[in-house]
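Input: a single structure, listed below in structure tokens.
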Amino acid sequence: MDAAAAVTAESNGRRIVAAFAVTQTVGYGCLYYPFAVLLHPMAADLHTGPAAVTGALTVAVLAWAAAAIPVGRWLDRHGGRALMTGGAIAGALLLVAWSRVGAVWQLYLVFAGLGGAMAMALYDAATAVIVSWFDADRRPRAILAMIVVAGFASTIFMPLTALLEHRYGWRPALLVLAALYASAAVPLHAAVVRRPPTRAGDRPRPGPAERAAAVRAARRDGRFWCLAVAFVAHSAAMSAMTVHLVGFLVSRGHPATFAAAVAGLLGVLSVTGRLLLTGAGRRRPLTTVVAGIFAVQAVAAAALPLIAGERAGAAAGVVAFGLGFGVASLASPALLAERYGTTAYATIAGTLNTPVTLAKAAAPLGAAALAAAAGYTATLTAIGGACALAAIGIVAGTGRPDPAPDHTA
């Protein structure tokens, strides 16, 4: 690759990161975060309870988990343009369908499709594309640039969804979100996402046999499964808190608008936590920093039932918990690419993301059942215990094998 082509490739890589910063912010803001805000209005309109409606999110995340490995294989073989554009189109159409449901079974059907669309268009696919474009030195900064911006999704879209629901109802609110998502994600994915060019001196793109060998090596590594335990537990805790934080704060006597605004702080705080992780990771081992952040979250979750009765206490507990809210999305790709290279990164990440996403699916439903049976104090204690388990799993998985070959093009 000559100098002019290298400059063009660098410019294209930056455009992809910028596009993903927009599409992931709008994607999570329109496809995922509105559920927590609309949970109780939907339950009332569909004449059912919050636990039954929460099951729809569980179905979505189960579909997301089922799609993780097939999506990873597609990305390793074909890149992300067609897949992510199709996922964005499907996501917008399914938001419209969501606004039209009249029964719980219809909601479940729509959310099964929505889970597949999110697997195709959100972080997992975007991260795999970025990993393929950037070498080991530039990759962390590229991923950070995307997720720092996208970390504001809940901060922007949870209050926006609450405002739209308050003024127009939950069904028109979803139509507005569908229009926003379609207008942003579909053209950007179609126009900007590309496979990286091959540079002079690069090895040929790995074939199926080489990718399969890399996946087998990762699955046989005990440290991979320690990471799986850590990120599964952490995913369960984050998912349960995302869905039930508003309800918990309302149960403590706070207005729904205040509860949604405080829950929206999780997005800003996830940005702070990612920046903290990046800065501290330059001076300390990444696993040490991640384990420490997870431990802080464990303490914060356990303390929330004691301090959330007052606005200041609620805000303080959410701030402490929120520092680790987005850490996994930065730590996971860094650890996987460092240990296992990029030969089959998307498939290996899909292998990890399958149990992680299953935990994300089960946790809100389990938390709803626990809250109904034993109250929110027990639920928050369980969330804190999951964060503690995540910290232990990160520490147990510490240790670096010889660096895997990096086939980044």
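No hydrogens, no waters, no symmetry mates; every other heavy atom, side chains included, goes into these values.
S251 places a side-chain N or O within donor-acceptor distance of the main-chain N or O of F248, the cut-off being under 3.5 Å. For the pair H244 (side chain) and P364 (backbone), a donor-acceptor distance under 3.5 Å is present. Counting only distance, with no hydrogens or angles, the side chain of S183 and the backbone of L180 share a donor-acceptor pair below 3.5 Å. R171 places a side-chain N or O within 3.5 Å of a backbone atom of S99 that can act as its donor or acceptor partner. Formation of a donor-acceptor pair under 3.5 Å by the T85 side chain with backbone atoms of A82 is not found in this model.
Contact detail for Y108 and A56: the closest heavy-atom pair is CE1-N, 3.5 Å. Contact detail for A92 and A182: the closest heavy-atom pair is CB-CB, 3.6 Å. In plain terms, the two heavy atoms of G317 and L304 that are nearest each other are CA-CD2, 3.7 Å. Closest heavy-atom contact between A259 and V246: CB-O, 3.8 Å. Looking at every heavy atom in both residues, L370 comes nearest to A382 through CD2-CB, 3.9 Å. Here the closest heavy-atom approach between residue C387 and residue A237 is recorded as SG-CB, 3.7 Å.
Within the model, atoms OG1 of T161 and CD1 of I156 stand 11.0 Å from one another, a figure rounded to the nearest 0.5 Å. Rounded to the nearest 0.5 angstrom, I394 CD1 and F231 CZ are separated by 4.0 Å. Once rounded to the nearest 0.5 Å, the distance linking CG of L188 with CE of M84 reads 10.5 Å. How far OH of Y123 is from CG of N353: 13.0 Å, rounded to the nearest 0.5 Å. Here CD1 of I147 is found 10.5 Å from CD of Q24. Values are rounded to the nearest 0.5 Å. Of the inter-residue distances, the one linking T347 atom OG1 with L352 atom CG reads 12.5 Å to the nearest 0.5 angstrom.
For the pair Y345 and L75, the minimum side-chain heavy-atom distance is 4.5 Å or more. Residues F111 and W98 have side chains in contact (heavy-atom distance under 4.5 Å, counting atoms from C-beta outward). Taking the side chain as every heavy atom from C-beta outward, R194 and W133 approach each other to under 4.5 Å. You'll find the side chain of L31 reaches within 4.5 Å of the side chain of L114, heavy atoms only. Taking the side chain as every heavy atom from C-beta outward, F134 and I143 never approach each other to under 4.5 Å. Between V53 and L107 there is a side-chain heavy-atom pair separated by less than 4.5 Å.
For W170, the CH2 atom counts as densely surrounded, since its 6.0 Å shell holds more than 12 non-hydrogen atoms of other residues, nucleotides or ligands.
Taking the six-membered ring for Trp and thresholds of 30 and 60 degrees, Y32 and Y28 have ring planes more than 60 degrees apart, a perpendicular arrangement.
Ring centroid separation for the pair F258 and H254 comes in under the 6.0 Å cut-off.
T23 and H189 share a side-chain donor-acceptor pair at under 3.5 Å.
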